[in-house]
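Inspection log for the structure reproduced underneath, given as structure tokens.
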Amino acid sequence: VEEAQADPRPFDDGRLPAASQPPRAATPAVQPVREEEELPLFGRRLFDLAPETFAPPSYGPVPADYLIGPGDEIVVEVWGEISYREVHVVDRRGAVLLREAGQAVVAGHDLEEARRIITRRLASVHSGIALDGTGDTQVDVSLGRLRNIRVFVIGETRRPGGYELSSAATLFQALYAAGGPSDLGSMRSIRLIRSNRLVVEVDLYRYLTEGIREGDVSLREGDTIFLPVAETVVSVQGAVRRPGRYELRPEESLRDLIAFAGGLAAGARADAVRVSRILPATE
């Protein structure tokens with residue numbers, strides 16, 4: 001040590017003694033990422049269009065599981081030995097009054113079952129109508145104008161409240177009417193509740209990234225759609241194809257986040273990923 005202090009010449013490896021080296025400036029281990037502007041929330045643009053864009057038509061085909069209810073129009077067409085066409089509105093008791101055949105209760109049944117019920121009633125007064133369709137007179141039953149139902153969208157949504165929609169509306173269409181999730185709302189855990197029971201839980205990312213409308217079920221009178229607060233939202237920026245804010249499930253990792261962001265850009269350095277995290281005061 002005494003020789004080193006007396007002789008300021010370099011050591012054999014070219015380094016000056018520790019006492020002769022200039023002091024180094026301390027550098028923080030992690031530097032916070034500066035966001036010059038708010039990153040877009042992934043999926044938000046889907047709900048920026050007018051709700052009417054996604055409204056179901058009042059006429060046309062309905063899902064196979066559509067249940068007829070009071071207020072729906074039933075169109076009955078008969079041709080062959082006799083020919084006529086009638087349009088009936090299902091009354092509050094769930095029935096329609098058929099010509100010469102009396103009442104037929106169709107509420108709570110799908111269209112195919114309603115067709116069998118009405119054909120059976122007409123066959124009881126017209127000998128040319130057979131239940132298996134082999135008679136001289138044929139019967140066809142279809143739906144005209146559909147009734148409206150009232151559903152509720154609550155929780156972290158842009159416009160919570162009750163909405164009057166077509167009875168052919170689905171969960172996604174109710175979300176469009178309510179403007180989608182708010183800044184705090186979840187897109188990964190949207191819940192449809194019917195009679196105080198959870199019917200389905202929807203992950204919108206399946207639709208946004210794969211086009212799969214999983215869980216987009218038909219709504220019924222009095223249904224409630226609940227949007228909870230998003231638990232984990234992560235911002236990703238830099239050399240990715242789709243910078244933005246993404247909601248992650250507990251089991252998802254950095255690999256899933258980069259996949260949601262469209263993958264790495266051509267000039268990305270995969271060995272230079274930096275993660276900034278706000279820790280609790282105890283840590």
Side-chain angles (χ1 to χ4, degrees), residues 23-54 153-161 170-192 200-216 225-283:
R24 295 181 179 178
T27 56
V30 177
Q31 296 180 354
V33 177
R34 294 183 178 179
E35 298 185 6
E36 296 181 357
E37 58 183 10
E38 183 78 4
L39 291 171
L41 185 63
F42 179 62
R44 171 55 56 82
R45 291 188 301 174
L46 178 68
F47 300 98
D48 287 342
L49 298 175
E52 294 77 13
T53 306
F54 307 98
V153 185
I154 61 174
E156 296 299 332
T157 179
R158 283 180 173 180
R159 296 186 295 271
T170 64
L171 186 149
F172 279 25
Q173 286 154 352
L175 284 178
Y176 297 139
S182 66
D183 289 339
L184 298 178
S186 172
M187 289 193 180
R188 311 294 307 275
S189 183
I190 299 172
R191 302 162 191 171
L192 173 61
V200 67
E201 186 169 334
V202 178
D203 181 358
L204 277 182
Y205 276 25
R206 291 293 309 278
Y207 179 56
L208 295 171
T209 60
E210 304 175 45
I212 299 175
R213 296 179 64 171
E214 186 177 32
D216 188 22
I225 300 171
F226 176 69
L227 284 77
V229 175
E231 294 185 1
T232 303
V233 179
V234 182
S235 298
V236 56
Q237 57 185 321
V240 292
R241 295 179 178 176
R242 191 166 52 222
R245 291 180 291 147
Y246 297 85
E247 182 182 353
L248 295 183
R249 289 181 174 272
E251 69 274 10
E252 293 174 339
S253 64
L254 177 63
R255 184 184 300 273
D256 300 294
L257 174 63
I258 293 176
F260 290 145
L264 298 176
R269 287 187 56 190
D271 60 341
V273 178
R274 183 173 63 186
V275 177
S276 296
R277 178 179 299 161
I278 299 175
L279 298 176
T282 56
E283 301 181 23

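In this chain, residues are counted from 1 in sequence order.
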(request) Tell me, yes or no, whether the heavy-atom count around Arg45 atom CZ, taken from other residues, nucleotides or ligands under 6.0 Å, exceeds 12. (result) no
(request) Write down the atom of Val236, the atom of Ala261, and the distance for their closest heavy-atom approach. (result) CG1-CB, 3.9 Å
(request) Output, in order, the C-alpha distance, side-chain angles, deciding distance and verdict of side-chain contact (heavy atoms from CB on, under 4.5 Å) for Leu248 and Phe260. (result) CA-CA 10 Å; Leu248 295 183; Phe260 290 145; 3.9 Å; yes
(message) Take a 6.0 Å sphere around CG of Leu279 and say whether it holds more than 12 heavy atoms from other residues, nucleotides or ligands.
(response) yes
(message) Any carboxylate oxygen within less than 4.0 angstrom of a Lys/Arg side-chain nitrogen, looking at Glu252 and Arg188?
(response) yes
(request) Would you check if Val234 and Leu254 make a side-chain contact, meaning some heavy-atom pair closer than 4.5 Å? (result) no
(request) Check whether more than 12 heavy atoms from other residues, nucleotides or ligands sit under 6.0 Å from atom CD of Glu201, and answer yes or no. (result) yes
(request) To the nearest 0.5 Å, tell me how far Ile225 CD1 sits from Leu171 CG. (result) 4.0 Å
(message) Using 0.5 Å steps for rounding, measure from the CE atom of Met187 to the CG atom of Leu227.
(response) 9.0 Å
(request) First locate atom OG1 of Thr170, then atom CG of Leu192, and finally report the distance between them rounded to the nearest 0.5 Å. (result) 10.5 Å
(request) May I ask you to decide if the ring planes of Phe42 and Tyr205 are parallel, tilted or perpendicular, using 30° and 60° as cut-offs? (result) perpendicular
(message) So which atom in Pro243 and which in Pro40 form the shortest heavy-atom distance, rounded to 0.1 Å?
(response) O-CG, 3.9 Å
(request) Can you measure from CZ (Arg213) to CG (Leu204) and round to the nearest 0.5 angstrom? (result) 10.5 Å
(message) Could you measure the distance from the CZ atom of Arg159 to the OG1 atom of Thr157? Nearest 0.5 Å is fine.
(response) 7.5 Å
(request) Over all heavy atoms of both residues, which pair between Ser235 and Leu39 is shortest? Give the atoms and the distance, please. (result) CB-CD1, 3.7 Å
(message) Let me confirm one number: the CZ-CD distance from Arg274 to Gln237, rounded to the nearest 0.5 Å.
(response) 9.0 Å
(request) Under the ring pair (Phe, Tyr, Trp, His ring centres under 6.0 Å) rule, collect the residues that match up with Phe172, sequence neighbours excluded. (result) Tyr207
(message) Would you say that Ile154 contacts Phe226 through its side chain, given a criterion of any heavy-atom pair below 4.5 Å between the two side chains?
(response) yes
(request) In plain terms, say whether Arg249 and Asp256 are close enough for a salt bridge, that is, a side-chain N and a carboxylate O under 4.0 Å apart. (result) no
Donor-acceptor contacts, no H, no angles, side chain residues 177-184, under 3.5 Å, sequence neighbours left out:
residue, atom, partner, partner atom, Å
Ser182, OG, Glu156, O, 3.4
Ser182, OG, Glu156, OE1, 3.3
Ser182, OG, Leu184, N, 3.4
Ser182, OG, Gly185, N, 3.4
Asp183, OD1, Arg44, NH1, 3.2
Asp183, OD1, Arg44, NH2, 3.4

